[in-house]
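Chain naming here is simple, since letters A, B, ... match the order of the sequence lines and numbering starts at 1 in each.
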Amino acid sequence: MTETRDYKPTLNLPKTSFPMKANLAQAEPATLARWQATDVHGAIAAARVSAQPFIFHDGPPYANGSIHVGHLLNKVLKDIVVRSVLMEGRACHYIPGWDCHGLPIEHRVMTTLVESGKAAKLDTLSDDHRRMAIRRECAAYATKFIKTQAVQMQRLLTLADYANPYFTMQPEYEAGTLGVFASLLEQGFVFRQLKPVHWSIANQTALAEAELEYEDRVDPSIYVDFEAADRTKVDAVFGIECECTPSFMIWTTTPWTLPANLAIAVHPAQQYALVEMDGTLTIVAAEMLAKVSAIVGATAVETLATARGSALVGLEYRHPFCDRVSRIVAAEYVTMEDGTGLVHTAPGHGDDDYRTGLREGLEIYCPVQGDGTFDATVPAWLRGKIVWDANPLVVDHLQASGHLVHALQFTHSYPHDWRSRTPVIFRATEQWFIGVDRAAGGTGRSLRAMAMDAVTTSIKFVPQWGQSRLKGMLESRPDWCISRQRAWGLPIPAFRTANDEVFMTAASVRAIAQCVRTKGSDAWFTLAPAELLASYDAAGDGDAPKDLCIETLTKMYDIFDVWFEAGSSWHSVLQQRGVGFPSELYLEGSDQHRGWFQLSMLPALGVMGTTPFRTLLTHGFLVDKDGRKMSKSLGNALDVEVLLKDFGAEVARWWVSGVAYDGDIRIDLDYFKVAGESYRKVRNTLRFLLSNLYDAPAWTQEEVVNIASNATPESIDRWLMGELADLEANARSAYNEYDFRRVHLAIFNFCNETLSSVYCAAVKDRLYCDPADSPRRRQTQAVARVAVEVLCRLLAPFLPHTAEEAWMALRGAGAPLLFTQTHLGLPRRSDPRWDVVMVARGAVSKALEGAKTLGIDNPLDAAVTLPDASGTLGPFARELADLCGVSQVTLDAKATSVTVADLRSIPRCDRSWRRDGTVRQRSDGGMLSDRDAISVGV
RNA sequence: GCGCCAGUAGCUCAGCUGGCUAGAGCACACCCCUGAUAAGGGUGAGGUCGAUGGUUCGAGUCCAUUCUGGCGCACCA
């Protein structure tokens, strides 16, 4: 009887400093601190100075609040691009940026000022001083959140030039924006035009949507008859003969806008009825007739005829109290919910009306002045009256003239100025526009034409559907209104001359840009026109008015739409900083088709004649587990801080890398748990490989690749080298196509299946039991090391911390930076025989499962006979037992299925636990196989 | 209301130009290992492919309608 000896100390068991537990929440900040202390960004940049550049431009997030999961997604995707490009050996100078100006910040700041009572004091200051006071607060606010977000973004382990970020409020950036504007102005894309805006009478200013508060208000709701100008034409439309002149009945809750009425809109597809209503002939939508009759209290109503709205178009009517004739127009927005189906249209007092007016060539007529009073163009009885006082006057007047069908008091929600709490009006004012249909510039083509061209022919879209999306938006977009009446922004540097004309030329804008470049846009508020225009040469400016007198100029106070600033970043950042133009890629959420994508390409097309990007990559929005949007109010928003604390940035990054980013992306804590599990799987696989390299020779990279590649074609090692080469090639091409999910799945499957399940299991025996320095074991170590080398590089864009951790465990503390390395570029050598081998392996697994009923629970207790009619398996005989995890494999050309034999009756090696048929008692008394006897030296 | 997108096992997703019993991973169940061990391995059970109606010899895959959800736009005179 033999005694069982303990051979464990004689085995080459795994050892490694690479821990199983990642401990990311603690380890990542340490890594980050090390990166910052050693200026890893600078070192990587230096290593790639002469490499082929990949120009990638960051779209600026808004400097407001902490980052949310949307930022996480966007920034990590961008970082994966940056790092995967670096791993390809290219240079990627990536500058993070922030959008600083604009209403959300100004609104926040103003709210604080109002609450603290400081706002009242501001009102006592001069325009310049008041604006400067607000701007100082806003700048401080933006700066604060830039700092916050920069820290948070770095915590996501993103690699970027955080030491030199760009902000849209930087003087050089602002000057760059003005430069872009000057070029557009020079080429004739910019113009000034009337447009209705929300207007606060109390503060004499335009307001943005965010500055409105909706409160209930009681207004007169009136039904008014507008008499047809030509009875016979109405007769023709309805096909009857009227006994008296019919009227078109409209409804409005703003009687004061009636003086500005220039049209009546009908829906072209709706039916309109000519009715006799209590003795008068009137026209209303057929569908609204019953409702209207009821409201106005008509007793005798008879429909005489009907006609489609489209037939009414072109008919004319007489204004009830202004001396003019206007016409019926068609509008799709006319609904059958309220009113009469005929819509009072005043292009100077409504957005829809404005659009209709533009389309129909109507005047954008606004007889209401900034102080809310009527000007001299209205009938005498309204002149100088405030619009609110005009309401009852209009009603009375209509009543007296017999045009009023009905009037009642009507309570509805109405916009109010959030500061003065007074009702606002809609009033046409002069605004600056960039025309999208103006044939201008060197090419004489419109921005829309150029944009459509670029979208259909030159821009690459990822995913492809971005193309139709952007196209649809460009087709329908109106002219771009770039002016805002606010304090927090980049001033549109226009002046008013003594004779009330607007002065702004390309040369004057450039002169001011020069001033702004050194003093910032605050200069507009602190300097006099003459100082601002110090470098301006009026005499040399062909566009300047002849009698220009700089001394008498006054500053105008519109600022730029923030989108114009962000949309100029390709110049203010890429060109001005010498990064290069255009950017290879813009990568943002799908909302940016309307925003940054589109509003960057328009200025660039105008100035450069080309888009500022070659490829547009867009990702969907994050939604919750049930597909609903994330929002604070629903309480389904995930907190980035919590994610980082509970899972670490790397698990979050791993999750991002595996997400299908086209379309909605569901996000939930559970998905991070799943990502955490698969991260651990990859980590442990890496750990197993590393742990078997503790005693490997210090091969150079070239040496290991050589040794590994020279394995015999029928060895497991050679098989893995082939798989590695495939993985590397597939992953690189997927990275190149921004298909990170494919990379993620390929890496995971490789670790899970190829390595963990097949290779590592098969190779364990030789790693543990072969003599430490045997050629077979060394070769496997070489292959294992190549596997780690490849995986570190492939994983690096997703998991910069973990990849580096593994890299240093492999190469030691003195290792070069992982991001200065490039992919190995292993040659692909496919050997179809391995498919046969793997099919056989699968068959063995199933057969072994069946053998469990025979009591063979442990595969090492089994010998297996494989059918090999074709003889393909023959050359692989030596490796098959290891591959199948059994003690012995024999091949049988005549067999048709796998058979399992029970080896429990033959001796088991005390050291390797195998029953390979060579096991016998050795000189030390132990039962050992031949191989193990040699290993132990007995 | 308009434009774009998505809807396949409990979950995340593959399924190209229509063609054998619809695939993978995770989770789950059962089992093995205990020399990757708060690890590792094996086997297995899961789906009327959002709904309806068409085209076709044949549809998850094409067409129409519809429902649900997302992004953007417009609208409340």
Side-chain angles (χ1 to χ4, degrees), chain A residues 7-9 11-16 20-21 250-254 257 264-265 331-335 337-340 342-346 349-353 355-356 412-413 426 463 465-473 475-477 589-595 598 618-630 655 658-660 662-666 668 670-671 673-675 677-678 680-681 683-692 741-742 745 748-749 752-753 756-758 760-761 764-765 767-769 842 844-846 848-850 852 856-860 885 911-913:
Chain A
Y7 285 102
K8 194 166 170 179
L11 294 168
N12 315 304
L13 289 179
K15 275 197 277 252
T16 177
M20 185 137 98
K21 268 193 68 185
I250 61 96
W251 171 69
T252 184
T253 55
T254 49
T257 62
I264 291 174
E332 297 286 340
Y333 57 79
V334 175
T335 63
E337 274 148 37
D338 294 302
T340 62
L342 290 100
V343 176
H344 152 54
T345 300
H349 291 299
D351 213 45
D352 256 347
D353 309 42
R355 264 176 244 282
T356 303
H412 60 158
S413 127
F426 227 52
W465 56 257
Q467 184 181 46
S468 37
R469 175 128 191 217
L470 191 56
K471 203 168 157 186
M473 286 178 174
E475 265 167 359
S476 62
R477 74 148 300 135
S590 65
D591 55 335
Q592 298 305 331
H593 286 99
R594 166 63 54 181
Q598 186 180 156
T618 185
H619 58 255
F621 268 64
L622 295 173
V623 296
D624 72 10
K625 213 180 170 128
D626 305 312
R628 268 187 291 273
K629 73 192 279 186
M630 302 249 106
W655 172 76
V659 118
D662 47 320
D664 307 342
I665 301 156
R666 285 167 198 257
D668 189 82
D670 283 346
Y671 304 159
K673 287 180 193 153
V674 171
E677 288 300 308
S678 80
R680 286 177 49 213
K681 181 80 198 192
R683 186 182 177 87
N684 270 318
T685 306
L686 227 31
R687 179 169 182 266
F688 177 81
L689 296 173
L690 286 167
S691 68
N692 282 292
R741 183 181 158 75
R742 211 172 95 215
L745 293 173
F748 177 77
N749 282 333
N752 193 32
E753 186 69 21
S756 193
S757 171
V758 182
C760 296
K764 252 184 200 175
D765 174 78
L767 284 171
Y768 295 173
C769 305
V844 171
S845 288
K846 285 203 173 68
L848 287 171
E849 193 67 21
K852 281 181 182 171
I856 308 171
D857 283 336
N858 186 340
L860 285 179
R911 188 165 178 271
S912 66
W913 301 336

Applying side-chain hydrogen bond (donor to acceptor under 3.5 Å, both in side chains) to A/Thr254 and not counting sequence neighbours gives A/Thr252, A/Thr257

From CG of A/Asp857 across to P of B/C30 the rounded distance in Å is 16 Å

_Side-chain heavy atoms of A/Tyr7 within contact of A/Cys769, under 4.5 Å_ = no

In whole angstroms, the gap separating P of B/C16 from CZ of A/Arg742 amounts to 16 Å

Please tell me if A/Thr685 has a side-chain N or O lying less than 4.0 Å from either OP1 or OP2 of B/A36. no

**Asked** B/G46 and B/A24: how far apart are their P atoms, nearest whole angstrom?
**Response** 14 Å

The side-chain hydrogen bond (donor to acceptor under 3.5 Å, both in side chains) partners of A/Trp251 (sequence neighbours excluded) come to A/Ser221

Residues passing the side-chain contact (heavy atoms from CB on, under 4.5 Å) test with A/Asn692, sequence neighbours excluded, are A/Pro14, A/Phe688, A/Leu767, A/Tyr768

Determine: side-chain N/O of A/Arg666 to OP1/OP2 of B/U12, distance under 4.0 Å, yes or no. yes

Touch class at under 4.0 angstrom, heavy-atom based, for A/Arg911 against every strand present = base

A/Phe621 meets the ring-ring contact (aromatic ring centres under 6.0 Å, His included) criterion, sequence neighbours left out, with none

With the side chain defined as heavy atoms from C-beta on, A/Tyr768 is closest, among B/C4, B/G42, B/A36, to B/A36

Using a cut-off of strictly less than 4.0 Å, decide whether A/Lys852 has a side-chain nitrogen or oxygen near OP1 or OP2 of B/C31. no

- Query: Rounding to the closest angstrom, what is the interatomic distance between B/G50 and B/U61 at atom P?
  - Reply: 8 Å

Residues at least two apart in sequence or cross-chain that pass side-chain hydrogen bond (donor to acceptor under 3.5 Å, both in side chains) with A/Gln598, listed by chain then number, are A/Arg477

Any strand, both distances under 3.5 Å, Watson-Crick or G-U wobble: B/U12 pairs with B/A24

Separation of B/U37 atom C1' from A/Asn684 atom CG, nearest Å, is 10 Å

Exercise. How far does the C1' atom of B/C67 sit from the matching atom of B/C30, given to the nearest Å?
Worked result: 41 Å

Next on the checklist: Rounding to an integer number of angstrom, what distance separates B/U55 and B/U8 when you compare their P atoms?
Outcome noted: 27 Å

On RNA chain B, more 5' by nearest nucleotide between A/Glu849 and A/Cys769 is A/Cys769

On a heavy-atom basis, the closest approach of A/Thr685 and A/Ser756 is OG1-CB, 4.2 Å

Pull out every protein N or O sitting under 3.5 Å from an N or O of nucleotides 22-28 of chain B, one pair per line with the distance.
{"unit_1": "B/C26", "atom_1": "OP1", "unit_2": "A/Asn752", "atom_2": "ND2", "d": "3.4"}

Quiz item: If we take the C1' atom in both B/A6 and B/U12, what is their distance in whole Å?
Solution: 14 Å

When rounded to whole Å, the CZ to P distance for the pair A/Phe688 and B/G35 reads 13 Å

Gap in Å between the two P atoms, one belonging to B/A45 and one to B/A51, rounded: 25 Å

Expressed as a whole number of Å, how far does the P atom of B/U48 sit from that of B/G23? 15 Å

*asked:* Would the base of B/A36 count as contacting A/Ser756 through its side chain, where contact means a donor and an acceptor less than 3.5 Å apart?
replied: yes

Contacts of A/His593 meeting ring-ring contact (aromatic ring centres under 6.0 Å, His included) (sequence neighbours excluded), chain-then-number -> A/Phe597

*asked:* Please check this pair: side chain of A/Arg741 against backbone of A/Gly658, looking for a donor-acceptor N/O pair closer than 3.5 Å.
replied: yes

Applying side-chain hydrogen bond (donor to acceptor under 3.5 Å, both in side chains) to A/Arg742 and not counting sequence neighbours gives A/Ser733, A/Glu737

Considering only heavy side-chain atoms of A/Leu11, the closest of B/G41, B/C4, B/G35 is B/G35

A correct 5'-to-3' footprint of nucleotides 70-77 of chain B, with B, S and - meaning base, sugar-phosphate only and no protein heavy atom under 4.0 Å, is SBSS-SSB

Atom P, compared across B/G10 and B/C49: separation rounded to whole Å:
12 Å

Whole-Å distance, A/Asp624 CG to B/U68 P, equals 17 Å

**Asked** Is the shortest heavy-atom distance from the side chain of A/His349 to the side chain of A/Asp353 under 4.5 Å?
**Response** no

Assigned chi class of B/G35 under the 90° convention is anti

Closer than 4.0 Å, any side-chain N/O of A/Lys764 to the OP1 or OP2 of B/A36? yes

